[in-house]
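Below is one structure, written out as structure tokens; comments come after it.
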Amino acid sequence: SSTMSFSEAEVQSARSAWEKMYVDAEDNGTTVLVRMFTEHPDTKSYFTHFKGMDSAEEMKQSDQVRGHGKRVFTAINDMVQHLDNSEAFLGILNPLGKKHATQLKIDPKNFRIICDIILQLMEEKFGGDCKASFEKVTNEICTHLNNVYKEVGW
């Protein structure tokens, strides 16, 4: 369904968990992407300018990797601001999903991969409670992205 059911308490705890990550959006976003590219090397094929980079160190230094990491975190941050307003939430997520499906042709399984890495990093840095309070958000993001993909006939 297109409505989200976050209680006020869930919204608050998800936001405070995310804030801790977003304070260092560029560094954390970069860490997440570098992990994705090293643990799932096939994901690099979508980024032509990252293809030649094999070492994690090289990726960490790349302006393109850093820039995209920050963009990913900014998009999630925009969604987190609208957990209590599914229309606004989907207003951010739908065009993003459409672009990744139709123009960029990104396999939707990669969204789950990146969300899982974000949760893993949250747990490492801030503990299990922090991760737990954000899990529902990543599930919503992935569910709705998959719906967008279905709508465009992926």
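Model, not experiment: these values are computed from the prediction.
In this structure, the side chain of Lys136 does not engage the main chain of Ser133 through any donor-acceptor pair within 3.5 Å.
In this structure, CE on Met36 lies 6.5 Å from CD1 on Ile117, to the nearest 0.5 angstrom. In this structure, Thr138 OG1 and Ile76 CD1 are separated by 9.0 Å, a value rounded to the nearest 0.5 Å. To the nearest 0.5 Å, the span separating CD on Gln12 from CD on Glu10 amounts to 11.5 Å. Atoms CD and SG, from Gln120 and Cys115 in turn, are 12.5 Å apart once rounded to the nearest 0.5 Å. To the nearest 0.5 Å, the span separating CD on Glu57 from OG on Ser62 amounts to 12.0 Å. One distance of note links OG1 of Thr48 with CD of Gln64; it measures 8.5 Å at 0.5 Å rounding.
With a 6.0 Å radius and a threshold of 12 heavy atoms from other residues, nucleotides or ligands, Asp129 has its CG atom at or below the threshold. For Asp63, the CG atom sits in a loose shell: 12 or fewer heavy atoms of surrounding residues, nucleotides or ligands are nearer than 6.0 Å.
Checked options Leu121, Ile114, Ile118, Ile113; the residue passing with Arg35 is Leu121 (criterion: side chain to side chain contact (heavy atoms under 4.5 Å, CB included)).
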Criterion side chain to side chain contact (heavy atoms under 4.5 Å, CB included) on Asp27 and Met21, from CA distance to verdict: CA-CA 9 Å; Asp27 282 343; Met21 289 287 280; over 6 Å; no

Lys20 vs Lys125, side chain to side chain contact (heavy atoms under 4.5 Å, CB included): CA-CA, chis, key distance, verdict: CA-CA 9 Å; Lys20 294 176 185 164; Lys125 288 188 153 216; over 6 Å; no

Residues Phe126, Phe134; criterion side chain to side chain contact (heavy atoms under 4.5 Å, CB included); working and verdict: CA-CA 12 Å; Phe126 309 111; Phe134 204 67; over 6 Å; no

Worked check of salt bridge (Lys or Arg N to Asp or Glu O under 4.0 Å) between Asp84 and Arg15: CA-CA 11 Å; Asp84 43 11; Arg15 280 186 185 149; 3.3 Å; yes

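Under the ring pair (Phe, Tyr, Trp, His ring centres under 6.0 Å) criterion, the residue pairs touching residues 54-77 are Trp18-Phe73, Phe47-His68, with sequence neighbours excluded.
The pair Glu26-Lys70 does not meet the salt-bridge criterion, since no charged nitrogen lies less than 4.0 angstrom from a carboxylate oxygen. Comment: Lys44 does not engage Glu58 in a salt bridge, judged by the lack of any side-chain N to carboxylate O separation of less than 4.0 angstrom.
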Name each donor-acceptor pair under 3.5 Å that joins a side chain in residues 88-100 to protein atoms two or more places apart or in another chain, with its distance.
from   : atom 1 : to    : atom 2 : distance (Å)
Asn94  : ND2    : Leu90 : O      : 3.4
His100 : ND1    : Leu96 : O      : 2.9

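By the 4.5 Å heavy-atom criterion applied to side chains, Arg66 and Leu33 are not counted as neighbours. With a 4.5 Å cut-off on side-chain heavy atoms, Phe6 and Val137 count as touching. In this structure, the side chains of Thr74 and Tyr22 come closer than 4.5 Å at one or more pairs of heavy atoms. By the 4.5 Å heavy-atom criterion applied to side chains, Tyr46 and Asp107 are counted as neighbours. When side chains are defined from C-beta on, Leu83 does not count as touching Glu140, because their heavy atoms never get closer than 4.5 Å.
Of all the heavy atoms in Trp154 and Ala101, the pair that sits closest is CZ3-O, 3.4 Å.
When hydrophobic clusters are built by joining Ile, Leu, Val, Met, Phe, Trp and Tyr residues whose side-chain heavy atoms come closer than 4.5 Å, directly or via intermediates, Leu104 is grouped together with Ile141.
For Gln81 and Asn77, the side-chain atoms include at least one donor-acceptor pair closer than 3.5 Å.
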